[in-house]
Structure formats: structure tokens, C-alpha cells
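First the structure, in the form of C-alpha cells, and then the observations on it.
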Amino acid sequence: MLTAIEVIDYMESLRNETQRKVLMGFFKTGPGEYGEGDEFLGLKVPQTREVVKEVWKDMPLSEITKLLTNRWHEVRLCGFLILVAKFEKMATKRLENGDAAISGRDEILQMYLQYAEQANNWDLVDLSAPKILGHWLMLPSYLGDRDYKLKILDEMAQSPCLWRQRMSIVCTWKTSQMGDPSWCLRYAEIHLHHPHDLMHKAVGWMLREMGKRVSMDLLRDFLRQHAHEMPRTALRYAIEKMSDSERKEWLCY
């Protein structure tokens, strides 16, 4: 079994200075930007995924915390992707109702919430929130019922942390994929007037996915109520897959 320290040492050995500078610009790490202070090694996501493939089965949660709290963006991503892999293993149809799987998923979910602010850029959120938090919403849990799950997500939506807020809407990609539009509609409405462009994009993206995967009529109903007050970025993302003529109609709403 590779330890977290061994994984970190290996990932640091792959450091690419040219790619590091590109990523620091792409993820807005400069003063005053949303990713201010984030540090990169310069690894591409497929490189990180290869590390995950090698270690996720044997690495205990206690070791993963060392990855989630590491200074390097790619190492934290590795930690979150290991949690995703472990969660998905316990969420298969064969296991989803088993006592051990339910307890295991709940433990991962609690750990994910504890370290949520370590997912301090949009890629870390988007690659983990739907597959852990979103999937957990749709599965049996010993932590609580639907009302408990709503409380968890409401607290995230109301958090002062931008990344927790983004988790509360982006996680609904999975709930919509599994046929339940209610989560998306609730948190799209809650975040409708959010001041940050990253949230405008997330709201529009999740509405578009809800329409595609559940019901375009539900999406149109939401737009009839809110298109006039939606940030233009959110609206453009939401209607992206509609016909040219229908898009033009909504943009004039």
C-alpha cells in the first residue's frame, strides 16, 4: 500500500513548470481572483487519475486526509477523486442497500463535508460534488431522511464559502441524472441572484442538465417564472441546447 506521503512525493516528481504557469492563469490564482493563492504542480488531470487508479482501493480514509489538506491543487484533487472512487464502489446496485455500504457512504459523505473548503476551485468541486454529495442524496442513509439531506444542502447553500455554495447546486447534476428535478429547481432558485459569475454558470448549467435529463417542460416553466430576473450568463447556459429560434425568444424575455 502506498502512503499519502509516497503519493505526494511521486506527484511532486512529475512537476511541470510550463504547465504550472498555464494552470495558475487558467484557474485565476492571482491577487483578488477567485483562486487566489492556489498552488499547482503542473499535472494534467489524466496524470492524477492514473495515480488514483493505483491507490484508491487500499488507501484508508486516515491517509486521504493528508492529501485533502496538502498545499498542491493536484494532490487535493487526487484525494477527492479517491473518495469518489470509494463512494462509487459502495453505491453499485448490488451494494446500495447493504448495511456496510450505507455506513461506508455516510462516512465518506461526512468526511467530504468536513473538508469541503479544501475543494477551493471549480474543478475540485465539479469532479467530486455530483458523485459524492449528489449521489448520496439519492441513496439510503443512516444519517437522516430527505429532510435531513435538505438541511445539509441548505446549510451549504447559505455558507459564506463560495465553494460550498457551488457544491449545493453542482451536486444536482447527479440527482437530475437519476430522474429527480426537485433538487436542481430548489437550489437554482436559491442561487438565482448570486453575485458571482461562477455561480451564474453553475446555475445555468444545472438547469440545462435538468431539462435534458428530466423534462424540458420543467425547464421552460422555470424560465417563464425567472428568465426576466436571471443573470444573462445563467440564462444563456440554461438555454444552450435549445433551437436558435427558441433561444432568441428567451433572451428577449
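In what follows, residues are counted from 1 in the order of the sequence shown. Note that the structure is a prediction, hence the values are computed from the model and not measured.
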Point to revise | Chi angles and distances behind the side-chain contact (heavy atoms from CB on, under 4.5 Å) call for Val203, Tyr187 | key: CA-CA 8 Å; Val203 167; Tyr187 293 98; over 6 Å; no
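- In terms of hydrophobic clustering, with Ile, Leu, Val, Met, Phe, Trp and Tyr side chains grouped at heavy-atom distances under 4.5 Å, Leu127 and Phe26 are assigned to a common cluster.
- In this structure, Leu23 and Gly42 approach most closely via the heavy-atom pair CD1-CA, 3.8 Å.
- Rounding to the nearest 0.5 Å places CZ of Arg164 at 6.5 Å from CG of Leu113.
- In this structure, Ser176 contributes its side chain and Trp173 its backbone to no donor-acceptor pair below 3.5 Å.
- At most 12 non-hydrogen atoms from other residues, nucleotides or ligands lie less than 6.0 angstrom from CZ of Arg94.
- Heavy-atom minimum distance, Ala4 versus Glu63: N-OE1, 2.7 Å.
- Annotation: cation-pi geometry satisfied between Lys149 and Trp136 (NZ/CZ under 6.0 angstrom from ring centroid, within 45° of ring axis).
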Review point. Would Leu223 and Leu219 satisfy side-chain contact (heavy atoms from CB on, under 4.5 Å), going step by step from the backbone distance to the final call?
Key: CA-CA 6 Å; Leu223 294 177; Leu219 173 56; 4.1 Å; yes
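- Between Leu153 and Leu150 there is no side-chain heavy-atom pair separated by less than 4.5 Å.
- Nearest heavy-atom pair across Pro140 and Asn97 is CG-OD1, 3.2 Å.
- Side-chain contact check for Thr172 versus Met210: every heavy-atom pair is 4.5 Å or farther apart.
- Counting only heavy atoms from C-beta outward, the side chains of Pro60 and Met1 approach each other to under 4.5 Å.
- For the ring pair (Phe, Tyr, Trp, His ring centres under 6.0 Å) condition, the pairs that include at least one residue of residues 72-102, sequence neighbours left out, are Phe27-His73, Phe40-His73, Phe80-Tyr112, Phe87-His135.
- The pair Glu17-Arg20 counts as a salt bridge, with a side-chain nitrogen and a carboxylate oxygen less than 4.0 angstrom apart.
- Remark: the backbone N or O of Val125 is not paired with any side-chain donor or acceptor of Arg166 at under 3.5 angstrom.
- A chain of hydrophobic side-chain contacts below 4.5 Å, direct or via other Ile, Leu, Val, Met, Phe, Trp or Tyr residues, connects Met178 to Met216.
- A distance of 7.0 Å separates CG of Asn120 from CH2 of Trp163, quoted to the nearest 0.5 Å.
- Of all heavy-atom pairs between Ser182 and Arg146, the closest is OG-NH2, 2.7 Å.
- Applying side chain to side chain contact (heavy atoms under 4.5 Å, CB included) to Cys184 and the options Arg208, Arg213, Glu209, Met206 leaves one that passes, Met206.
- Between the CG atom in Leu68 and the CD atom in Gln114 there is a gap of 9.5 Å [rounded to 0.5 Å].
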Check your understanding: When you look at Leu43 and Asn16, which way does the side-chain contact (heavy atoms from CB on, under 4.5 Å) test go after all the steps?
Key -> CA-CA 7 Å; Leu43 277 62; Asn16 182 316; 6.0 Å; no
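- Taking CG of Leu251 as the reference point, atom CE of Met242 lies at 10.0 Å (rounded to 0.5 Å).
- Proximity of a side-chain donor or acceptor of Gln118 to a complementary backbone N or O of Tyr115 within less than 3.5 Å is not detected.
- Under the 3.5 Å distance criterion, the side-chain polar atoms of Arg105 are left unmatched by any main-chain donor or acceptor of Leu139.
- With hydrogens and angles disregarded, a donor-acceptor distance shorter than 3.5 Å links the side chain of Glu74 to the backbone of Leu41.
- With no hydrogens or angles considered, no side-chain donor-acceptor pair links Asp217 and Ser215 at under 3.5 Å.
- Atom CD of Glu54 sits in a sparse spot, with 12 or fewer heavy atoms from other residues, nucleotides or ligands closer than 6.0 Å.
- Remark: Asp221 engages Arg224 in a salt bridge (charged side-chain N to carboxylate O under 4.0 Å, His left out) (not counting sequence neighbours).
- The shortest side-chain heavy-atom distance between Ile82 and Cys78 falls under the 4.5 Å cut-off.
- Environment of CZ in Arg220: crowded, with over 12 heavy atoms of neighbouring residues, nucleotides or ligands closer than 6.0 Å.
- A donor-acceptor contact shorter than 3.5 Å links the side chain of Lys86 to the backbone of Trp56.
- Placement of Val45 and Met24 within a single hydrophobic cluster is found when ILVMFWY residues are connected by side-chain heavy-atom separations under 4.5 Å, directly or transitively.
- A salt bridge does not link Asp38 to Arg71: none of the charged side-chain nitrogens sits closer than 4.0 Å to a carboxylate oxygen.
- A distance-only check finds no donor-acceptor pair linking the side chain of Asn70 to the backbone of Arg76 [under 3.5 Å].
- Neither side chain, Arg186 nor Ser168, offers a donor N or O lying under 3.5 Å from an acceptor on the other.
- Side chains of Asn121 and Tyr34: no donor on one and acceptor on the other come within 3.5 Å.
- Residues Val7 and Met59 meet the side-chain proximity criterion, which asks for heavy atoms closer than 4.5 Å.
- The side-chain heavy atoms of Trp205 and Val170, taken from C-beta on, include a pair separated by under 4.5 Å.
- Taking a cutoff of 4.0 Å between a charged side-chain nitrogen and a carboxylate oxygen, Lys248 and Asp244 do not qualify as a salt bridge.
- Using a 30° and 60° split on the angle between ring planes, Trp250 and Tyr253 fall in the tilted class, from 30° to 60°.
- What you find for Leu137 and Cys171 is that their closest heavy atoms are CD1-SG, 4.0 Å.
- No donor-acceptor pair closer than 3.5 Å links the side chain of Gln225 to the backbone N or O of Phe222.
- Side-chain contact between Glu6 and Val55 is absent, with no heavy-atom pair separated by less than 4.5 Å.
- Note that NZ of Lys89 is 12.5 Å distant from CD1 of Ile108, once rounded to the nearest 0.5 Å.
- One finds the CD1 atom of Ile190 at 11.0 Å from the CD atom of Gln165 (value rounded to the nearest 0.5 Å).
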Practice item. Decide side-chain contact (heavy atoms from CB on, under 4.5 Å) for Met230 and Leu192; before the verdict, give the C-alpha distance in whole Å, the side-chain angles of both, and the deciding distance to 0.1 Å. Key: CA-CA 6 Å; Met230 290 176 68; Leu192 198 63; 3.5 Å; yes
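- Put simply, the side chain of Val75 does not reach to within 4.5 Å of the side chain of Thr48, judged on heavy atoms.
- Look at Lys151 and Glu155 and you find a salt bridge, because one of the NZ, NE, NH1 or NH2 atoms lies within 4.0 Å of a carboxylate O, short of that distance.
- Ile132 and Ile102 end up in different hydrophobic clusters when Ile, Leu, Val, Met, Phe, Trp and Tyr side chains are linked at under 4.5 Å.
- Pairing each heavy atom of Ala119 with each of Met167, the nearest pair is CB-CE, 3.7 Å.
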Exercise for review: Could you check Gln177 against Lys174 for side-chain hydrogen bond (donor to acceptor under 3.5 Å, both in side chains), going step by step and ending with a plain yes or no?
Suggested key: CA-CA 5 Å; Gln177 183 188 45; Lys174 188 66 175 182; 3.1 Å; yes
